[in-house]
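Both counts, for ligands and for their atoms, begin at 1 and track the order of listing. Every value quoted in this text rests on a predicted model; they were computed, and no experiment measured them.
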Amino acid sequence: MTLYLKDASFLDWQSLEIKQTDLAVEEGSQGVMSFLTAVPTKDELNSQDRILNCSGKLVTKSFGCGHHHIYSTLARGMPAPPRIPTNFIEVLEYVWWRVDKRLDRDMIEASALAAAMHMAKHGVTFCVDHHSSPYAIEGSLETIARAFEKIGLGHLLCYEISCRDGQGCMEAGLAETDAYLSSGRKGHVGLHASFTVDDDLLENSVELARKHGTGLHVHVAEAPADQEHCLKTYGKRVVQRFHEFGALESPHTILGHCVFLDDNEKKLLRESPVWVVQNVESNQNNNVGATGYTGLTGNVMLGTDGMHSDMLRSAKAAYLVGQNTEGVSPDQMYERFRNVHRFIKTMGAEGDGDNNLVILDYNTPTEITSENFTGHFIYGLESNHVLSVIAQGKVIVEDRRITSVDEAEILAYAREQGLRLWKKLEDNISPQSSLRTLRRS
Ligand SMILES: [Zn+2]
């Protein structure tokens, strides 16, 4: 099947060159996009072919998210925690570790479907996710993968393994990761963070990543507590510890946050091929602080950390916070916003080729050119300009409506699962070893 985009203002996401053109977009994970001088006439079209009129619309590559937690989708509007968290560790204990322990297969599926739908409607067609459901680990990654594919999204998934819920959950996390990656799926060996991962688990995870030719996906120095625990327990800082275990050797490794690093850790990152993901809104929400990323490494991309599914919003937030921390420019922020595609390419993952496009209904009161585009990107473009979205050559959003599934049906299913989750929050589940792990600090 070929999709023809007629009369588009096409913006090349790398050169920022804008040209008036018709486009032919082939379907499939390997599908390509090509420029045409004219779309075929009706008689020349095959029965499956379609023409979309893009007159007056800006067409460019769709977006990607470098760090998400779809498992947090059903938390929106949930009952308040038993106590108000006063620091980062309490946010985990009172909020996220209460939610993730109560997730079951249906809730995970509903979370993934709803999050994928939101991503699609915001122009995001590829997601790097970090999943946690300690009492529903087995098969969780395949459930998410299928949900993403039902909506039409490409993905790199991982399960967040840690020691916080005891030996059984830790082993189940390793087994789930091994099974998922052995099945031919691409993804990561996910770890929660240094303060919930002991030396044995860190060593086994690096080994598992090597076995599958992939990297780790782990939170690093999101709050000072991570560094304090590492110094007290291991006598060294987090990045140094990871470096000594070989955790920084892969260009596929993703370190989330990296807010609290010293000069030596920054040097280790600069000398390694790993990627760093910036999630400023989540950092603000947890009141952990902010940092600049200029000069840390060229490999910085943007994520939402489960806060939402709108990457244009993440880029704006990172730009605004970055004025105070590093004086970042619109050009630099655009590069970080687009770096996710470079990362996906290094992973050799399918589903982020040139046949992933967003059609923007962007009526600007000022001229838009190659030279000033990043100014429009920061100050003008918003996800409500996303009119239609093409993922792997298929139209998955058309005129702001999801076409791949029945949106109302999925939202109803998610609400039903959300209510089940909220009801389960009243159940008393022992935090098990999570408190013991932390109390050691
Ligand atoms: Zn995260």
Side-chain angles (χ1 to χ4, degrees), residues 64-76 85 87-101 103 108 111-112 115 118-119 124 126-134 140-141 144 155-162 164 173 177 187-197 205 215-227 229 238-239 242 247 252-261 274-291 293 300-311 313-314 317-318 321 336 340 343 434:
C65 175
H67 181 75
H68 206 328
H69 297 288
I70 63 90
Y71 78 82
S72 67
T73 306
L74 304 179
R76 187 191 298 192
N87 58 49
F88 175 66
I89 299 297
E90 287 182 2
V91 169
L92 295 176
E93 285 183 350
Y94 301 165
V95 182
W96 300 117
W97 294 352
R98 286 176 67 238
V99 166
D100 69 6
K101 283 188 183 66
L103 294 173
I108 296 166
S111 300
H118 285 140
M119 280 186 263
V124 175
F126 200 104
C127 177
V128 185
D129 192 72
H130 196 262
H131 175 67
S132 180
S133 54
S140 58
L141 296 179
I144 298 167
H155 50 81
L156 284 164
L157 309 181
C158 71
Y159 185 81
E160 175 189 299
I161 315 167
S162 78
R164 71 172 151 104
T177 304
H188 291 96
V189 176
L191 288 172
H192 173 245
S194 173
F195 67 96
T196 55
V197 170
S205 300
L216 303 179
H217 186 173
V218 57
H219 298 117
V220 168
E222 180 174 357
D226 195 17
Q227 293 288 11
H229 176 273
V238 174
V239 175
F242 281 3
H252 303 142
T253 285
I254 300 176
L255 310 182
H257 304 294
C258 293
V259 182
F260 299 92
L261 304 186
V274 300
W275 285 77
V276 171
V277 187
Q278 186 182 358
N279 309 275
V280 295
E281 292 154 296
S282 166
N283 299 150
Q284 289 184 323
N285 186 49
N286 291 333
N287 194 25
V288 295
T291 190
Y293 291 81
V300 178
M301 53 183 172
L302 303 180
T304 63
D305 204 25
M307 290 280 290
H308 55 78
S309 295
D310 180 351
M311 290 309 297
R313 174 174 154 190
S314 284
V321 169
R336 277 183 210 171
V340 65
F343 172 74
S434 51

**OP:** Give a yes or no on whether Glu222 keeps an N, O or S atom under 2.8 Å from the Zn ion (ligand 1).
**Re:** no
Subject >> Minimum side-chain heavy-atom gap His131-Ser133 below 4.5 Å >> reply: yes
Original post:
Where does the angle between the aromatic ring planes of His130 and His67 fall among parallel (under 30°), tilted (30 to 60°) and perpendicular (over 60°)?
Top reply: tilted
Original post:
Is the Zn ion (ligand 1) less than 2.8 Å from at least one N/O/S atom of His257?
Top reply: no
Original post:
For the residue pair His188 and Phe343, does the interplanar ring angle fall in the parallel (under 30°), tilted (30 to 60°) or perpendicular (over 60°) class?
Top reply: parallel
**OP:** Using 2.8 Å as a strict upper limit, say whether an N, O or S atom of His219 approaches the Zn ion (ligand 1) that closely.
**Re:** yes
Original post:
What angle, in degrees and rounded to 10°, do you get at the Zn ion (ligand 1) when you join it to NE2 of His67 and to OD1 of Asp305?
Top reply: 90°
**OP:** For His308 and Asp310, indicate whether the former's side chain and the latter's backbone hold a donor-acceptor pair under 3.5 Å.
**Re:** yes
